[in-house]
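All remarks here apply to the structure that follows.
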Amino acid sequence: MTLKFFDPMLMIGISLAIVFLMPIWRALGGKKLAWAVSVLLYAFNTLFMIGVSYRATLYPEGLIVKIGGFNPPFGIVLHVTFWGAVLSTFVWFVAFLSIMYASTRNDAEPAYVYYSLLTLIALGSTGMFLTGDIFNLFVFTEITALAAFGLSAFMKKKETAYATIKYIIMAEVASAFLLVAIALLYGKLGTLNMLDAHQTLKTVGMTGAMVLSVLFFLIGYGVEAEIFPLNLWAPDVYRYVPEEVIALFISGSSKAAAFAWLRMWVMVFGVPQKMLQVMLWIGIVTFAFAEVMAYSQKNFRRALGYASLGQAGLVFVAISLGSELALKAAFLLMLNHILSETILFYIAGNIGEDGAPANVRIPLVFGFLGAVSMPPFIGFWGKIFLFMALAKAGYWVMFVLIALFSIVEIAYMYKWFVSLYKGTGKMELVRSFSPIMLTLVSFAMWFLPLIPKAVNLLDIVIKPFIQKGVM
Amino acid sequence: MRLKYILAWIFVILFVGVVAYSLQTEVPFGHDLTKLAKYYVDNTARETGIPNFVTAIVVSYRGFDTLGEVTVLLLATLGVIGILPWEKHKKVKKAHPVLLWGIRIVFPIILLVGVYIVIHGHLTPGGGFQAGAVVASAFLLYMVSLSAHLDLESFAFTESIAGAGFALIGVAGIFAGGAFLYNFLPKGNLFDLFSGGIIPIVYILIGLKVSSELTEVVSHMMKGGAEQ
Amino acid sequence: MTIVNLLIYVLMGLMIVMAIIAAETKNLLSAAIFSGFISLVVSMLFVYLQAPDVAMAEAAIGAALSLAIILFAIKRTGEVEEK
Amino acid sequence: MMFYIAALSLIGIGLYVVLTKKNLVKVLIGISIADSGVNLLLISVGYLKNGTAPILEKGLNKPMVDPVPQALVLTAIVIGVATLALAMSVVIDVKRHFGTVELDKVIKMMRGGDNGDA
């Protein structure tokens, strides 16, 4: 078996075929077979994506996978970066944990539909992480969004219906803006391939139409990347939707939208300096707003939801800054966010009258430490890198603001930690499996900064994105 | 409250003005073909062997988008099934005989039109999506006028087999030619009905999938979900 | 200006007027019907813009199936917009 | 130019409905109007003066309009109807739980029956 076997299209094609055949699985073996097929698929895909990630490290500028045998920009290509491959590995891993977790649920009916939706949100996010074509990115954005709507409304409760309809309306308007942005970009540059668009843009320059296009892309991806004020749908969804779905929102759809913004802003438009200040302030306001709101919440899941918006704001700041250090920070913050918030959401779904279950105390500690980016965790390095990047670029006001609101974050997280830690309940064996597995992964990541190779790895992560700006 | 409307109108007029102005100055209406378009106009017939360039792009050059798109339709179906589950036992009203006979005559004709559109999708305007929509509207007509129930299970099977076929043809391309959705069949002569390699096959599968998905969506919208 | 051009301009004007009526009317049924008509006019404009494939799709999907979906939803949620 | 203005006006009116109206069905009708506008905009961007439809005919060799936006719009139309259907089914779900589809009333009911965590 050579490395050529790890062709991401193979995974996407097979996964799609298996999802399409879901009614057949159900007819053959009922709910159980549908579940077993999904579990096997997610496990296989996780392993496969590890292989793809390894393969991607050998291509510093990113691996180009042609589809249909046509050369770019005439056919669609996947542009597999190490960063995108790592994030998709995590998506499939979290999906695997989520479906294990969901196996104890019996109120999600019809179950095969639920499992298909879980598969498709992971698949859509994978597509968003890997694709190298702007319109293809839009299609995968829609796949991810529709799967998210379906999952979010799936419980057919009063609260989920209310939370979902707000989400749908905002996301739909956003997708109209995305298409307008694509129309502007295609009309002006005459191409849909990202790398080719960047090359063409260098000769054309940031004209008025291109500035509009950037803004519309921001609106389009801002809804799912949870940028203020487009994130107002999120707290309700995070409050009421089942935790295994939220785990996929955190690791899948919101990260994929942030990554899509990274693609458009850094890879296609090349960090236009004229608009940099505006973007940074949008990120800072997102962070500040989220932390202040989180501080005043009386419900743990709602507080976590706002904390997660705050993290999205930080990632947005790091991406928009676009320097080498800032991109490294963005990568580490994304991973940290996936691990810590997902652990906390899994536990938050099982909190009783007397606090958190006792048999998941270690994951709880890990989750809280990760959520406030404390030293042993990669999030700590992420935040340090972000501060360094801000200082290097001379944005001292933003430096102080982020530090200030980080203290607010530590304050309320500590408060919640104290009130939850002493719980005496127990979590079912199957259910506690998910947070424990994630804790093991984040424990393994402790040692990441210790390995000299890891520093090298970070260079590989950002390599495809570091290039000379357009302006 | 008046203020809200005035602000909204101002916003809308600004949006239209700014975008239309920058589009017209930078991408004038009726401008020359872009680089991509020139390539397609010059090379499509040679590379894919079919005369309908839109079909060539939809199924061949950008076939992956189309696979994503049928997935979006599947998602709509799944979401509608999840949110508005279908109830099996409801009374079926007896339709008026004139209506009954009318439908019996019209229904096969519409289906035939759909089949024609999809089979000639690579030669003339039309194809899988259009045919799918036409066939779905035939079933819609059938349901509305006879208030009859369709056997949705068989639609689900059709859809899943057609979709899996599409995805697996794509995977077969990886093994046959090194790229997903690689056109590994002989392309035949331009303008022939049997030409274009996998393109007509894929478009027929798309037609089957789209029609059954749209029918499922519409029938669930019509009757699914228990009223409380 | 040829007759065809004139016709196209009239159609576009009609389309925008219909959109405004659809936006402002309190009766959801007529708003839905107008949105269906807009799709129909748009598909005619597609024919003028030399896009027969898209015109077919817009007529079949935009004007027929979308309208059906909206009408079913209106039937199940109520016909009149309050306020 | 006129096509751009017409298409953008449709998008604008759709946005206006989303911004000002409270009835969920109405909002979704607005979004579907905006979708038609977006499709028209994309096709107009690909128009070539005096071009013909991008379908080869025997013995004819005239300049053709850009086929790419047409392919994109075919995709966009189907995505539009899919999202419309899903959104409408959620609206029906809202109606089932709240008895109304006016967003401000629904918000008021959510605030009223809340367990103090808003």
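Protein chains get the first letters and strands the later ones, always in sequence-line order, with residue 1 at the start of each.
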What residues of residues 163-178 of chain B make heavy-atom contacts with chain A at a cutoff under 4.5 angstrom?
Gly163(B), Ala164(B), Ala167(B), Leu168(B), Val171(B), Ile174(B), Phe175(B)
Shorter than 4.5 Å, heavy atoms on both sides: which option in Val27(B), Thr25(B), Leu181(B) has the most such pairs with chain A?
Val27(B)
Phe216(A)/Val19(B) under side-chain contact (heavy atoms from CB on, under 4.5 Å): CA gap, chis, key distance, verdict
CA-CA 11 Å; Phe216(A) 292 162; Val19(B) 180; 3.9 Å; yes
Hey, does the side chain of Tyr61(B) reach the backbone of Gly68(A) with a donor-acceptor pair shorter than 3.5 angstrom?
no
Dump the intermediate steps for side-chain contact (heavy atoms from CB on, under 4.5 Å) on Thr34(B) and Thr191(A), then the final yes or no.
CA-CA 8 Å; Thr34(B) 58; Thr191(A) 181; over 6 Å; no
Which pair of non-hydrogen atoms, one from Ile83(B) and one from Ala153(A), has the smallest distance, and what is that distance?
CD1-CB, 3.8 Å
Using a 4.5 Å cut-off on heavy atoms from C-beta on, say whether the side chain of Phe70(A) contacts that of Ser60(B).
yes
Are the side chain of Glu26(B) and the backbone of Lys188(A) linked by a donor-acceptor contact shorter than 3.5 Å?
no
With a 4.5 angstrom heavy-atom cut-off, which part of Leu78(A) approaches chain B: side chain, backbone, both or neither?
side chain
Measure Phe74(A) against the heavy atoms of chain B and call it side chain, backbone, both or neither at under 4.5 Å.
both
Derivation and outcome, side-chain contact (heavy atoms from CB on, under 4.5 Å), residues Leu120(A) and Leu78(B):
CA-CA 11 Å; Leu120(A) 285 172; Leu78(B) 291 174; 4.0 Å; yes
Contact leader toward chain A among Ala162(B), Ser22(B), Gly79(B), Ala156(B), where contacts are heavy-atom pairs under 4.5 Å:
Ser22(B)
Return a table of donor-acceptor pairs under 3.5 angstrom between the side chains of residues 6-24 of chain A and protein atoms on other chains or two or more places apart.
from	atom 1	to	atom 2	distance (Å)
Asp7(A)	OD1	Met9(A)	N	3.0
Ser15(A)	OG	Met11(A)	O	2.6
Ser15(A)	OG	Asn45(A)	ND2	3.1

With a cut-off of 6.0 Å (strictly less than), are more than 12 heavy atoms of other residues, nucleotides or ligands near CG of Asp32(B)?
no
Please identify, among Leu75(B), Asn43(B), Ile57(B), Leu74(B), the residue contributing the most non-hydrogen atom pairs under 4.5 Å to chain A.
Leu75(B)
Could you pull out every donor-acceptor pair under 3.5 Å between side chains of residues 110-117 of chain A and any protein atom, sequence neighbours left out?
from	atom 1	to	atom 2	distance (Å)
Tyr114(A)	OH	Glu244(A)	OE2	2.9
Ser116(A)	OG	Tyr112(A)	O	2.7

Within 6.0 angstrom of Tyr182(B) OH, more than 12 heavy atoms from elsewhere
no
Contact list (residues 200-217 of chain B to chain A, heavy-atom gap under 4.5 Å, by number) returns Lys209(B)
Hey, which of Glu47(B), Glu69(B), Lys35(B), Arg62(B) has the most heavy atom pairs under 4.5 Å with chain A?
Arg62(B)
Centroid separation under 6.0 Å, is that true for the rings of Phe140(A) and Phe64(B)?
yes
Report which part of Asp196(A) has an atom under 4.5 Å of a heavy atom belonging to chain B: side chain, backbone, both, or neither.
side chain
So for Leu212(A), is it side chain, backbone, both, or neither that comes closer than 4.5 Å to the heavy atoms of chain B?
side chain
